[in-house]
There are 2 protein chains.
Amino acid sequence: MGNQKLYKGSLQTIILKLLAATDKMYGYEITQKVKELTKGELTITEGALYPALHKLEAEGLLDVEVAKVDNRLRKYYKLTENGTKETVSRLAEMEDFLRTMQTIVNPNFSLE
Amino acid sequence: MGNQKLYKGSLQTIILKLLAATDKMYGYEITQKVKELTKGELTITEGALYPALHKLEAEGLLDVEVAKVDNRLRKYYKLTENGTKETVSRLAEMEDFLRTMQTIVNPNFSLE
DNA sequence: ATATATACATAATTTTCTTATGTATAACTT
DNA sequence: AAGTTATACATAAGAAAATTATGTATATAT
């Protein structure tokens, strides 16, 4: 597991992107998907995930739909119309950030 | 100015990388260099910078050398031997992080 | 004379996480 | 049958790293 600290600030964007790619997902599913996608490099804890989902919902970016599967509760989240728009801009910001950081940490990068 | 929030957690690595590329720099110089390098996308505030420099120094990654230029104080920071080693591993972690995030937010990326 | 730039610093607050804890059901193991 | 792990939600306490606000002081530009 790499430096989790670096992921600080990017959780909302990750959630939004996954929902843009999969239409609807529930919390636990998101944690498992991220673990799988990142080959275990990023583990989203419940203490980070659930508050983040609640916040995105409160901001009107996500809609929630409760389901019962195998006698267990699931909360499916999906992007609202506004959430879809916001995802586009969050992804653009993320790409700017990644490009900028790439430039800075590039081994060929020099200050001269 | 992009989403400053995304840079949370990467300030130490940025400082270390700049010092690896320039041998010694003082605080204000770092803020200006970063602004220039990122074309204004990232503005490092003093409230973030100075505590970060003090912390890196306390951890033994930086040495400080005080100078007086034009009757004004400057504190030049440079990597210690340990700081140079640590920079290598911090940059490796940063590259892992950037690669992983790139995978997740890549527009060609799909969950199927 | 006044504002901006250079150069440091810290305190209060906010944001976002980690760690710890709690509830509950299902499935697997011994 | 009993205990552990997996599934599925949630929140509270605390830590980490920033922002915002404030402070000191000198130099330069208007």
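Lettering of chains follows the sequences in order, A, B, ..., and the numbering in each one begins at 1.
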Engineer: Take the protein atom CD of Q4(A) and the nucleotide atom P of dT16(C), then report the distance between them rounded to whole Å.
Structural biologist: 17 Å

Engineer: Could you state the interatomic distance from CD1 (I104(B)) to CZ (R99(B)), rounded to the nearest 0.5 Å?
Structural biologist: 13.0 Å

Engineer: Using the closest heavy atom to pick a nucleotide of DNA chain C for each, name whichever of D70(A) or Y26(B) lands nearer the 5' end.
Structural biologist: Y26(B)

Engineer: Could you say whether A48(B) or Y28(A) is positioned toward the 5' end of DNA chain D, judged by the nucleotide with the nearest heavy atom to each?
Structural biologist: Y28(A)

Engineer: Going 5' to 3' along DNA chain D, which are the first and last nucleotides with any atom under 4.0 Å from a heavy atom of chain B?
Structural biologist: dA17(D) to dA27(D)

Engineer: Taking for each residue the nucleotide of DNA chain C with the nearest heavy atom, is it L73(B) or E46(A) whose nucleotide lies nearer the 5' end?
Structural biologist: L73(B)

Engineer: Rounded to the nearest angstrom, tell me the gap between atom CG in N71(A) and atom C1' in dA24(C).
Structural biologist: 10 Å

Engineer: Classify the nucleic acid contact of G27(A) as base, sugar-phosphate or nothing, counting any heavy atom under 4.0 Å across all strands shown.
Structural biologist: sugar-phosphate

Engineer: If you look only at pairs with a residue in residues 74-88 of chain B, which of them pass as a salt bridge (Lys or Arg N to Asp or Glu O under 4.0 Å), with sequence neighbours excluded?
Structural biologist: E86(B)-R90(B)

Engineer: By the 4.0 Å heavy-atom rule, please label S10(A) as base, sugar-phosphate, or nothing.
Structural biologist: sugar-phosphate

Engineer: Testing L79(B), T13(B), L61(B) one by one against T87(B) for a side-chain contact (heavy atoms from CB on, under 4.5 Å), which residue passes?
Structural biologist: L79(B)

Engineer: Considering all heavy atoms of both residues, which atom of L19(B) and which atom of Y77(B) are nearest to each other, and what is their separation?
Structural biologist: CD2-O, 3.3 Å

Engineer: Rounded to the Å, how far apart are L49(B) CG and dT10(C) P?
Structural biologist: 12 Å

Engineer: If you look at every strand shown and take non-hydrogen atoms under 4.0 Å, does G9(B) touch a base, only sugar-phosphate, or nothing?
Structural biologist: sugar-phosphate

Engineer: Looking only at atom types and distance, does a side-chain atom of Q4(A) sit under 3.5 Å from a main-chain N or O of T43(A), one as donor and one as acceptor?
Structural biologist: yes

Engineer: Assign K55(B) to base, sugar-phosphate, or nothing according to its heavy-atom contacts below 4.0 angstrom with the strands shown.
Structural biologist: sugar-phosphate

Engineer: So, is K8(B) close to the dC17(C) phosphate, meaning a side-chain N or O under 4.0 Å from OP1 or OP2?
Structural biologist: no

Engineer: In terms of side-chain heavy atoms of R72(A), which of dT25(C), dT18(C), dC17(C) is nearest?
Structural biologist: dT25(C)

Engineer: Could you tell me how far apart H54(B) (NE2) and dA11(C) (P) are, to the nearest whole angstrom?
Structural biologist: 12 Å

Engineer: Under a 4.5 Å cut-off applied to non-hydrogen side-chain atoms, are I15(B) and I44(B) in contact?
Structural biologist: no

Engineer: For a 4.5 angstrom cut-off between non-hydrogen side-chain atoms, does T103(B) reach T38(A)?
Structural biologist: no

